[in-house]
A.B. asks: 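Pasting a structure below so you can have a look.
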Amino acid sequence: MAKNTGAGELLPSVDQVTEQAINLGYRFDQKLQRWRQGRAVQRGDIPTMLAFDGYGSPRDVRALGRVLLKTRSLVDETGAAAESIRGWRSFSSVPYAFAHVNVWLGDHEFHFVADKGGVIDVDLNVSMAPGVHTIYMQAEGSDVTEATITVVSDQQHLGVVCDVDDTVMVTALPRPLLAAWNSFVANEHARTPTPGMSTMMDRLRRSHPHAPFLYLSTGAWNVAPTLRRFLTRNAYPAGALLLTDWGPTTERWFRSGAQHKVQNLQRLATNFPHVKWILIGDDGQHDPQIYSGFAQRHPESVAAIVIRNLSPTEAVLAAGARVSDRHQVTVPEGVLWLEANDGASISDQLRDAGLL
């Protein structure tokens with residue numbers, strides 16, 4: 001509500017000023033992106049289609065991809081030749097807003113328009129047999145690229161959702177300077193895998209060979225190629241990346257990472273009512289609260305909540321108190337809660353619980 005100054009004028013309230021500032025920031029961001037795209041087109045940058053692995057049920061699948069404008073001299077980040085790419089290159093390419101994209105899956109062909117960040121995230125209403133299928137994508141003027149779609153059988157009753165930062169790799173992401181270093185400077189080889197976690201995840205894959213593996217992160221789509229190479233190089237099971245986009249919206253200065261996770265978990269519960277998920281995260285951010293909240297809403301969709309405890313040093317770098325204290329979250333009776341610092345200890349607990 002505006003404040004009356006007594007002189008016939010109304011001063012805007014703090015909320016109104018904040019809302020106006022956010023809207024101004026959003027408009028400025030959109031204008032900057034249009035300018036960058038226009039400049040990229042003028043200098044002859046070419047459309048590049050990145051197809052990401054997706055997943056689905058026998059009735060519909062989720063297709064993921066992104067269209068960028070890249071200079072002709074820049075090595076394609078998805079290619080095998082890109083063995084030494086610093087993080088900043090992931091952010092140097094320009095998103096191709098509202099690009100027209102063709103998608104082919106099996107005998108089906110689809111046509112979509114990317115969002116303002118160049119992202120394709122669409123549900124395809126197709127009938128597909130359970131298993132791994134190849135999906136092809138092409139933006140206007142780009143080469144055709146491909147990825148895989150894992151179709152989950154209705155008889156599959158277990159799946160794995162895993163966080164990334166400080167769960168599969170040690171990043172201390174919440175600390176701004178370290179986040180900037182990891183995102184913009186550090187080479188992907190400098191990223192440190194979390195001890196024992198890849199072995200634990202591989203054991204899960206071997207125990208449940210048809211289970212879907214999904215990596216749910218608040219990271220930006222810009223780092224998807226780098227993250228995919230990191231997971232492959234460190235022998236993590238293949239799986240779809242569920243990332244988000246940075247930048248202001250009409251309501252917030254930055255997109256809510258917690259909301260991104262909550263919405264994707266809800267989407268999984270809706271699309272796979274027969275699957276119980278092993279939810280893996282860490283206590284450096286909000287995973288315990290997000291996962292326990294999901295378990296309260298959908299106890300039938302949770303097989304176990306697994307929290308990696310950060311070490312005291314990691315907790316300090318994460319700039320926050322540890323939040324995995326069992327007494328700070330409410331988990332429905334019958335939902336398994338496990339926590340430890342490393343993958344080997346978590347594996348032992350999963351084995352004891354009959355999940356390995």
Side-chain angles (χ1 to χ4, degrees), residues 53-55 130-132 148-171 188-189 191-217 219 227-242 261 264-265 268-269 272 274-285 287-288 290-292 294-295 300-311 314 324 326 331 334-356:
D53 292 343
Y55 67 91
V132 179
T148 63
I149 296 287
T150 300
V151 176
V152 182
S153 168
D154 288 340
Q155 280 68 52
Q156 176 62 39
H157 299 297
L158 190 77
V160 177
V161 173
C162 188
D163 178 48
V164 174
D165 297 304
D166 291 319
T167 302
V168 304
M169 67 167 67
V170 180
T171 59
E188 67 185 68
H189 294 273
R191 298 170 185 260
T192 305
T194 306
M197 290 298 287
S198 63
T199 301
M200 182 273 290
M201 293 283 284
D202 185 62
R203 290 185 63 191
L204 277 174
R205 181 187 63 81
R206 292 175 183 273
S207 298
H208 309 280
H210 301 295
F213 281 74
L214 306 173
Y215 295 92
L216 176 58
S217 171
L227 178 55
R228 182 167 56 186
R229 287 193 301 271
F230 173 89
L231 294 172
T232 300
R233 180 170 291 110
N234 290 281
Y236 281 97
L241 304 177
L242 304 181
K261 289 190 172 183
N264 274 276
L265 289 173
L268 292 176
F272 302 98
H274 55 287
V275 174
K276 285 181 174 289
W277 298 93
I278 298 176
L279 306 176
I280 305 173
D282 65 87
D283 63 1
Q285 299 186 55
D287 290 341
I290 293 172
Y291 290 166
S292 62
F294 177 73
E300 73 287 349
S301 295
V302 180
I305 295 175
V306 178
I307 299 298
R308 178 189 173 250
N309 299 139
L310 271 62
S311 68
E314 290 170 336
S324 69
R326 183 67 170 77
V331 179
V335 173
L336 186 63
W337 177 282
L338 307 175
E339 54 183 297
N341 175 255
D342 59 83
S345 300
I346 292 173
S347 290
D348 292 341
Q349 296 184 54
L350 288 170
R351 181 197 60 212
D352 294 341
L355 293 172
L356 274 182

A.B. asks: Quick one: list whatever passes side chain to side chain donor-acceptor pair (under 3.5 Å) with Asp53, sequence neighbours left out.
C.D. replies: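 Partners of Asp53 under the side chain to side chain donor-acceptor pair (under 3.5 Å) test: Thr148.
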
A.B. asks: With Tyr55, which residues qualify under side chain to side chain donor-acceptor pair (under 3.5 Å), at least two apart?
C.D. replies: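 Result, side chain to side chain donor-acceptor pair (under 3.5 Å) vs Tyr55: Arg62.
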
A.B. asks: Could you tell me whether the side chain of Ser217 reaches within less than 4.5 Å of the side chain of Leu242, counting heavy atoms only?
C.D. replies: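 The answer is no; the side chains never approach within 4.5 Å.
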
A.B. asks: Could you walk me through whether Asp287 and Lys261 satisfy the salt bridge (charged side-chain N to carboxylate O under 4.0 Å, His left out) test, starting with their C-alpha distance in whole Å, then the side-chain angles of each, then the deciding distance to 0.1 Å, before giving a yes or no?
C.D. replies: CA-CA 9 Å; Asp287 290 341; Lys261 289 190 172 183; 2.7 Å; yes

A.B. asks: Taking all heavy atoms of Gly159 and all of Val275, pick out the closest pair and write down the distance.
C.D. replies: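 Minimum heavy-atom separation between Gly159 and Val275: N-CG1, 3.6 Å.
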
A.B. asks: To the nearest 0.5 Å, how far apart are CE in Met201 and OG1 in Thr199?
C.D. replies: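 Between Met201 CE and Thr199 OG1, I get 11.5 Å after rounding to 0.5 Å.
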
A.B. asks: Where the side chain of Lys276 meets the backbone of Glu300, is there a donor-acceptor pair that is under 3.5 Å apart?
C.D. replies: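 Yes.
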
A.B. asks: Would you sort out whether Phe213 and Val161 count as a side chain to side chain contact (heavy atoms under 4.5 Å, CB included), showing the intermediate values?
C.D. replies: CA-CA 6 Å; Phe213 281 74; Val161 173; over 6 Å; no

A.B. asks: State, with a plain yes or no, whether a side-chain heavy atom of Asn234 is found less than 4.5 Å away from one of Met169.
C.D. replies: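 Asn234 does not reach Met169 side chain to side chain.
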
A.B. asks: Distance check, rounded to the nearest 0.5 Å: Leu204 atom CG versus Leu158 atom CG?
C.D. replies: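 Here the rounded value is 8.0 Å.
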
A.B. asks: Can you confirm whether Val306 sits close enough to Ile278 that some side-chain heavy atom of one is under 4.5 Å from a side-chain heavy atom of the other?
C.D. replies: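 A side-chain contact exists here, since the closest heavy-atom pair is under 4.5 Å.
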
A.B. asks: Who are the side chain to side chain donor-acceptor pair (under 3.5 Å) partners of Ser301, not counting sequence neighbours?
C.D. replies: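 Counting only residues at least two positions away or on another chain, Ser301 forms no side chain to side chain donor-acceptor pair (under 3.5 Å).
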
A.B. asks: Could you pull out the closest heavy-atom pair between Val168 and Cys162, with the gap in Å?
C.D. replies: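 Closest pair (atom of Val168, atom of Cys162, distance): CG1-SG, 3.5 Å.
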
A.B. asks: Report yes if some heavy atom in the side chain of Leu268 is under 4.5 Å from a heavy atom in the side chain of Asn264; otherwise report no.
C.D. replies: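 In short, these two side chains do not touch, never coming nearer than 4.5 Å.
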
A.B. asks: Pair up each side-chain donor or acceptor in residues 348-356 with any protein partner under 3.5 Å, not counting sequence neighbours, and list the distances.
C.D. replies:
residue, atom, partner, partner atom, Å
Asp348, OD1, Arg351, NH1, 3.4
Gln349, NE2, Glu339, O, 3.0

A.B. asks: To the closest 0.5 Å, what do you measure between CG (Asn309) and CG (Asp283)?
C.D. replies: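 The CG atom of Asn309 sits 5.0 Å away from the CG atom of Asp283.
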
A.B. asks: Among Leu265, Val331, Val335, whose side-chain contact (heavy atoms from CB on, under 4.5 Å) with Val302 holds?
C.D. replies: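 Only one option passes, and that is Val335.
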
A.B. asks: For a quick test of reading the model, state the closest non-hydrogen atom pair linking Pro288 to Trp337 and the distance between them.
C.D. replies: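 Shortest heavy-atom separation between Pro288 and Trp337 comes out as CB-CH2, 3.9 Å.
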
A.B. asks: Using the ring pair (Phe, Tyr, Trp, His ring centres under 6.0 Å) criterion, which residues pair with Tyr236? Sequence neighbours excluded.
C.D. replies: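 Applying ring pair (Phe, Tyr, Trp, His ring centres under 6.0 Å) to Tyr236 gives none.
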
A.B. asks: Might you work through the side chain to side chain donor-acceptor pair (under 3.5 Å) test for Asp282 and Thr167, ending with a clear yes or no?
C.D. replies: CA-CA 6 Å; Asp282 65 87; Thr167 302; 2.9 Å; yes

A.B. asks: Can you name the nearest heavy-atom pair linking Ile280 to Tyr291, along with the distance?
C.D. replies: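 Minimum heavy-atom contact is O-OH, 2.9 Å.
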
A.B. asks: What residues, two or more places apart in sequence or in another chain, satisfy side chain to side chain contact (heavy atoms under 4.5 Å, CB included) together with Val151?
C.D. replies: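 Expected list: Pro58, Val61, Met128, His133, Ile149.
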
A.B. asks: Drop me the distance from Thr194's OG1 to Met200's CE, to the nearest 0.5 angstrom.
C.D. replies: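 Nearest 0.5 Å value for the OG1-CE distance: 9.5 Å.
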
A.B. asks: Can you give me the closest heavy-atom contact between Met197 and Gly343, atom names plus distance?
C.D. replies: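 Heavy-atom minimum between the residues: SD-CA, 3.7 Å.
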
A.B. asks: Got a sec, which pairs hit salt bridge (Lys or Arg N to Asp or Glu O under 4.0 Å) with one end in residues 192-204, sequence neighbours left out?
C.D. replies: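 Pairs touching residues 192-204 that pass the test: Asp202-Arg205, Asp202-Arg206.
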
A.B. asks: Looking at Pro237 and Tyr215, what are the two nearest heavy atoms and their distance?
C.D. replies: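 What the structure gives for the nearest pair is O-OH, 2.7 Å.
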
A.B. asks: Between CG of Leu241 and CG of Leu231, what distance do you get to the nearest 0.5 Å?
C.D. replies: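 Rounded to the nearest 0.5 Å, the CG-CG separation comes to 6.5 Å.
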
A.B. asks: I'd like to check the side chain to side chain contact (heavy atoms under 4.5 Å, CB included) partners of His157; sequence neighbours left out, ordered by chain and number.
C.D. replies: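 For His157 the side chain to side chain contact (heavy atoms under 4.5 Å, CB included) partners, ignoring immediate neighbours, are His274.
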
A.B. asks: By side chain to side chain donor-acceptor pair (under 3.5 Å), which residues pair with Ser153, not counting sequence neighbours?
C.D. replies: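 Ser153 satisfies side chain to side chain donor-acceptor pair (under 3.5 Å) with Gln155 only.
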
A.B. asks: For the atom pair CG (Leu279) and CG (Leu216), what is the distance rounded to the nearest 0.5 Å?
C.D. replies: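 Reported value, rounded in 0.5 Å steps: 9.0 Å.
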
